[in-house]
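Throughout, protein chains are lettered first and strands after them, A, B, ... in sequence-line order, and every chain is numbered starting at 1.
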Amino acid sequence: MPLDHHLFLEEIKMAHRYPKPLLDTLYCLKDHIHWEEEQVEDDEYSSSTTTTITNTNTDTSSVVFLEHDLFWDREELSSLLAKEHQNQLSNTLQKNLVLASSRQEAVEWILKVNAHYSFSTLTAVLAVNYLDRFLFSFRFQNDSNNNPWLTQLAAVACLSLAAKVEETHVPLFVDLQVEESKYLFEAKAVNRMEILVLSALGWQMNPVTPLSFLDYITRKLGLKGYLCLEFLRRCETVLLSVFAGEGGRMLQADDGGCVWVPMRRENDPS
Amino acid sequence: MWNEESDWIGSFDSQLARLAECRMCSRDRGERPDATGMDLEVLEVAEEGSYGRVFRCLDIHTGALVTMKQITMVRLSQGVPAPIIREVSLLKELHHANIVKLLRVGLTENRYVNLVFEHLDYDLHHFIVNRGYPKDALTVKSFMYQILSAVAYCHSLKVLHRDLKPSNVLIDHSKRLIKLADFRLAGEFADDLLYTEKLGTSWYRAPEILCDSRQYSTQIDLWSVGCIFAEMVIGQPLVQAINCRDELEGIFKLLGTPTEETWPGITKLMPNLHIYYPKFDALGLETFVTDLEPSGLNLLSMMLCLDPSRRISAEAALKHAYFIDVNYVSLLLL
């Protein structure tokens with residue numbers, strides 16, 4: 001239907017100042033121009049959206065495909081999108097290759113430790129989310145003395161915090177640093193970094209993640225039992241691969257929708 | 001491994017931690033609490049709990065009364081405790097007129113987490129005990145509507161409170177406004193913490209928890225709200241009004257010992273039910289909860305329903321006939 005098609009395109013908007021990432025078929029981007037003015041102590045974050053344009057280069061076949069299979073409850077989807085914060089670090093990393101490099105190492109380290117302890121995918125996603133928000137908020141990119149060890153220390157603190165939020169058992173700080181790294185931090189340093197991260201993130205430790213969207217999509221698809229578990233397992237594998245892939249690409253929360261497309265095709269019996 | 005996440009003083013180094021805690025406690029007892037950097041003037045100690053202390057303070061900039069909850073971080077070697085991170089993170093997401101507002105979070109000396117909340121005059125427990133329970137039927141109805149509004153909001157966000165009781169229901173006296181507080185257990189699976197709490201607090205605990213069920217959901221909060229409802233009407237905890245040796249026996253005397261017919265699944269949950277509890281015939285809610293209009297009693301019976309799957313939801317309760325004859329706007333202008 002023409003109306004539905006139009007409404008769907010409305011949801012695929014891109015702020016003109018950001019280039020369309022190569023890997024993204026679906027890319028929803030809201031530009032919160034007041035982000036940089038947010039105070040750590042503020043309870044509520046007010047934002048405004050800049051002018052956006054419809055993506056005229058949208059892959060027609062994908063749109064048609066999605067239109068047939070997605071019956072999203074608009075209210076819940078809008079709620080998730082409204083709560084999502086734009087990952088502001090992406091643009092910064094393009095200008096600061098040293099930070100980009102240390103961030104990539106940090107992300108790889110997080111994924112290894114996550115696997116070592118069999119933490120959940122959500123723990124890994126949360127840890128990377130915290131790290132990106134923290135790095136941006138402290139604008140290491142402006143520091144003439146880039147300290148790679150600071151990024152690694154932040155990674156340890158972020159993984160510890162993510163495990164505390166999500167896992168039942170949390171290893172000691174020293175035990176957490178099982179994977180080989182250039183640095184080994186003592187408990188006191190990690191403790192202080194934890195406090196710094198919590199303050200920088202305004203204690204908001206339950207962000208919208210790609211998994212939030214996967215949970216929603218799975219319910220809408222009506223997948224149950226083994227099929228549901230298998231679907232989620234594959235989606236999580238793809239998400240972690242994206243993390244580990246080229247330069248640990250920035251992961252938007254609604255990339256959960258992108259993961260869905262290849263998964264859908266893979267499950268197609270034909 | 002940190003095996004007792006819910007208990008900061010883990011078994012691994014509980015001896016050392018307790019010693020450290022005592023030392024800190026004794027050192028601080030005679031001192032003014034450190035509110036450095038919080039821009040607060042401490043007026044008095046409002047409460048001392050196992051996790052820390054609560055102070056009444058004055059905000060230096062606004063002149064407003066606030067409540068500061070100061071949580072001692074024990075076992076600093078493990079950083080900020082998970083329960084604190086979870087509670088604060090959760091409170092940051094809850095925005096509702098009937099939920100106490102967390103104004104800001106501060107950390108001092110890497111030893112305390114200071115949570116600054118808006119201040120309310122007193123809690124419902126204090127209201128019932130010291131001011132005579134709200135005999136005014138309209139006040140009971142207003143309070144119930146506000147409590148249910150807050151609970152329905154939490155449940156819509158998939159958040160359970162898990163510890164609803166009169167002392168966690170705060171009251172703004174002049175506005176007759178209700179605000180829920182203390183989400184310490186919300187979102188956290190903390191069985192040992194639940195069971196080690198002092199006996200009094202179990203008066204509001206749902207039967208499925210008392211039966212040691214590990215699978216429970218939003219319905220547990222509705223049971224607690226039902227207990228609060230009854231207490232506002234009769235002026236004392238409902239289970240306390242019944243002669244019984246424990247809470248579960250009191251519930252069974254009141255509503256009848258459950259059978260597979262009245263509570264499907266009960267024989268699997270409590271195989272030895274009839275060894276420990278005789279087959280009581282229901283005394284009935286109306287025996288104890290007098291002076292409540294019929295529609296109120298009907299709503300109460302749907303909240304205090306033994307079978308969790310048949311218990312009314314908060315959202316449905318708000319639409320119950322008990323509330324239909326009242327202009328909701330006027331409720332907030334009492």
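Here B:Ser313 pairs with B:Glu315, B:Ala316 under the side-chain contact (heavy atoms from CB on, under 4.5 Å) rule; sequence neighbours left out. Remark: B:Ser309 engages B:Asp307 in a side-chain contact (heavy atoms from CB on, under 4.5 Å) (not counting sequence neighbours).
Judged purely by atom type and a 3.5 angstrom limit, A:Lys164 has no side-chain atom pairing as donor or acceptor with the backbone of B:Ile85. Side-chain N or O atoms of A:Glu194 include one that pairs as donor or acceptor with a backbone N or O of B:Val80 at under 3.5 Å.
Side-chain contact between A:Trp203 and B:Leu115 is absent, with no heavy atoms from C-beta onward closer than 4.5 Å.
Between B:Lys92 and A:Gly202, the closest heavy-atom pair is CE-O, 3.2 Å.
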